[in-house]
Amino acid sequence: MSEVIYGINGSVISVRHASSLAMREMVLVGEKKLLGEVIRMDAEQTMIQVYESTTGLRPGETVEGTGRPLTALLGPGILGSIYDGIQRPLNTLARAQGAFMGEGQAAAALDEAKKWQVTMKIQNGDTVQGGQIFAVCPETSQIEHRSMVPPLLAGTVSQVVPDGSYTVSDVLAVLTDRNGQNHPLRLAQTWPVRNPRPVQAREPISMPLVTGQRVIDTMFPIAKGGSSALPGGFGAGKTMLQHQIAKWCDADIILYVGCGERGNEMTQALEEFQDLTDPRTGRPLLERTVLIANTSNMPVAAREASIYTGVTIAEYYRDMGYHVALMADSTSRWAEALREISGRLEEMPAEEGYPAYLPSRIAQFYERAGYVDTLSGQKGSVTLIGAVSPQGGDFSEPVTSNTKRFVRCFWALDKSLAYARHYPAMNWTDSYSEYLDDLSRWYGEHVAHDFLDLRQEMQQILHEEASLMEVVKLIGSDVLPEDQKLTLEIARVIRVGFLQQNAFHKEDTSVPLEKQYKMLKTIDYLNSACRRLLKQHIPVSLMTKTGIFEQIISIKYDVPNSNLALLDTYPAKIDAALATIR
Ligand code: ADP
Ligand code: MG
């Protein structure tokens, strides 16, 4: 049975008395069978958001229900793919047409012809549970794809195929549930994107997501399974930092959701990722990456869906026992899509025209981060990092302030730092990480027992600098006592030599924790050595004249990541330089 379009308002269409449709059902709209979703139903009217351009659509055309909600298709072949917000592959469609995707195109999200080398993990007669791994195949040279019994199914299996090569739609076994109903098990399965995939239990946070970026790993770390907001005005460096994290972080799998940003940025990301090799495996980075692109010229409703598609794919790989990191750039564009659709539904607007449910939608998204025991009895995690682009860098606006409520890490990018070419332009007084306590044990065991103490000390020096600068602004630095002058000099070493990190420099673009620690240790050694000289009434100006401060600042370039032992020679260098004063 089909319904008839009554009204069209941009991406939202209405149908009257649509008795055959259900809330959140996916529908096919018009002659072109555009994909849509039922987003509101009352006695009179049913409202549908359409994921494709509604240009040319007319009242009177039909709307057909599909009987299922908006789902993602999950199976081998996702890695390395580029999808739009509703998981249509952009690469294969572009290849087929040599241009932009047409409307109503239903290219399969997974390659149906490709054969995978499958090893079965079940036998005839086995009782299986939801989430249990029933088959594996090498998806890429690094990632084993672990096909799981759909989470809500359980029963006894029969007709198990022998190991061999199969496509995503071949039936590999049949599961008979308690009611005697049969369900085919295939490599591909679906999941409704708006529902979190179930897990056995949530585990406490205990491990950092190591990014190779000093201001993150040392100063404001994010945990595996944690969430972080990355707010900043236009040009503050959000996209750049998200790319850096995507390239260098130690997650097994990366989901990069380009949401409403400029199309050329996504193309650029794609090209960069294609050229790069994964530092840990030497394989192309794209093999562990999934890109979801919904650029500013694509329909607004698909942008609204894109982060759910992304997080669903992330959860699917988490459930196999992998650590997944998802970057969304930018969640502000997603919130604007929400606002536009809400406006077309004529809902009562709340703050700045956003719907009243904006905070709950943001919360629901970030709640899908976590470190979990999976249904298959493994450990996996989803880490969520959302860029926020407030107009004019005003962090009190609704999207930034509500995101802040639901994440535990806040990386505030600062336009004035970016303007001064201090990159990453992360403000060290406004940013914070609430994961430090959860991670202190890991850092103690895996980096050094005094790592966080040193971090604390550097933070302290930066805070002292901030308050001293208030004085300096008024009366200049000449009047400061010598020990405070030294604080300013050491703070400069921390800012320029440690916090600033050059994404375009071969050695500096990503830095292992061991180097981060030894850099801190060296700065601390310099600080203590200078403080001793202060006691002998040697002025700070003589200490800086030795050039040792500049040498410490350029450690990041001078000490290659492959020869960290070189860092052990620095205490002697500091001693020698300072000894020339006497
Ligand atoms: P946003 O996404 O916040 O608008 P971008 O990430 O596009 O900002 O950054 C704008 C520009 O700032 C980049 O093109 C680059 O030139 C510079 N930039 C940002 N971060 C860095 C960095 N870590 N190292 C060097 N340059 C950077
Ligand atoms: Mg950007």
Side-chain angles (χ1 to χ4, degrees), residues 211-220 222 228-249 254-273 276 291-298 303 306-307 310 326-337 385-395 397 399-400 403 410-428 430-431 494-511 515-516 519 553-554 556-557 561:
T211 65
Q213 312 303 303
R214 287 186 294 267
V215 70
I216 295 177
D217 297 343
T218 296
M219 289 297 171
F220 309 110
I222 172 128
S228 181
L230 178 58
F234 178 76
K238 301 177 295 296
T239 300
M240 189 81 184
L241 190 56
Q242 293 224 5
H243 284 191
Q244 283 294 93
I245 299 169
K247 284 181 208 166
W248 300 111
C249 81
I254 306 290
L255 261 290
Y256 196 93
V257 185
C259 189
E261 295 293 293
R262 286 156 295 171
N264 59 350
E265 278 191 353
M266 280 311 286
T267 320
Q268 194 191 335
L270 204 70
E271 283 167 359
E272 268 181 43
F273 289 7
L276 278 166
L291 290 168
I292 296 180
N294 234 260
T295 49
S296 41
N297 54 350
M298 292 181 175
R303 191 194 306 165
S306 63
I307 68 164
L326 181 148
M327 263 120 285
D329 186 16
S330 134
T331 60
S332 295
R333 302 283 102 82
W334 165 76
E336 284 160 20
I385 299 171
V388 190
S389 21
Q391 279 275 328
D394 168 21
F395 289 0
E397 61 84 42
V399 184
T400 314
T403 302
F410 193 73
W411 297 329
L413 295 191
D414 194 316
K415 243 186 145 157
S416 58
L417 286 173
Y419 192 71
R421 307 206 69 72
H422 175 112
Y423 292 119
M426 200 180 290
N427 185 306
W428 52 91
D430 297 345
S431 301
I494 299 169
R495 280 190 289 107
V496 183
F498 192 84
L499 296 185
Q500 284 185 19
Q501 189 166 348
N502 188 342
F504 301 113
H505 189 281
K506 186 170 134 312
E507 294 301 333
D508 204 32
T509 186
S510 172
V511 177
K515 182 170 173 185
Q516 300 187 28
M519 285 170 78
I553 284 174
S554 70
K556 57 182 178 181
Y557 301 137
N561 293 330

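For clarity, every value in this text was computed on a predicted model and none was experimentally measured. What's counted below: heavy atoms across the whole structure, side chains too, no hydrogens, waters or symmetry copies. When a ligand or atom number is given, it counts from 1 through the structure's own listing order.
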Report task. Specify whether Tyr557 and His505 have parallel, tilted or perpendicular ring planes, treating 30° as the upper limit for parallel and 60° as the lower limit for perpendicular. Result -> tilted

Requested in this report: Quick one: do Gln244 and Ser510 satisfy side-chain hydrogen bond (donor to acceptor under 3.5 Å, both in side chains)? Show the steps, please.
Outcome: CA-CA 8 Å; Gln244 283 294 93; Ser510 172; over 6 Å; no

Query raised in the report: Quick one: which of Arg214, Gln500, Gln501 gives a side-chain hydrogen bond (donor to acceptor under 3.5 Å, both in side chains) with Asp508?
Result: Arg214

Requested in this report: Please confirm if an N, O or S atom belonging to Thr239, backbone or side chain, lies less than 2.8 Å from the Mg ion (ligand 2).
Outcome: yes

Query - Gln242 vs Asp329, side-chain hydrogen bond (donor to acceptor under 3.5 Å, both in side chains): CA-CA, chis, key distance, verdict - result: CA-CA 8 Å; Gln242 293 224 5; Asp329 186 16; 5.0 Å; no

Query - Residue among Ser389, Ser332, Pro231 satisfying side-chain contact (heavy atoms from CB on, under 4.5 Å) with Thr400 - result: Pro231

Show me a pair-per-line table, with atom names and distances to 0.1 Å, of protein N or O atoms that are under 3.5 Å from an N or O of ligand 1.
unit_1   : atom_1 : unit_2 : atom_2 : d
ligand 1 : 2 (O)  : Thr239 : N      : 3.0
ligand 1 : 2 (O)  : Thr239 : OG1    : 2.8
ligand 1 : 3 (O)  : Ala236 : N      : 3.3
ligand 1 : 3 (O)  : Gly237 : N      : 2.9
ligand 1 : 3 (O)  : Lys238 : N      : 2.8
ligand 1 : 3 (O)  : Lys238 : NZ     : 2.7
ligand 1 : 4 (O)  : Gly235 : N      : 2.7
ligand 1 : 6 (O)  : Thr239 : N      : 3.1
ligand 1 : 6 (O)  : Met240 : N      : 2.7
ligand 1 : 8 (O)  : Gly237 : N      : 3.0
ligand 1 : 12 (O) : Tyr423 : OH     : 3.3

Query raised in the report: Going by the angle between their ring planes, with limits at 30° and 60°, are Phe410 and Phe395 parallel, tilted or perpendicular?
Result: perpendicular

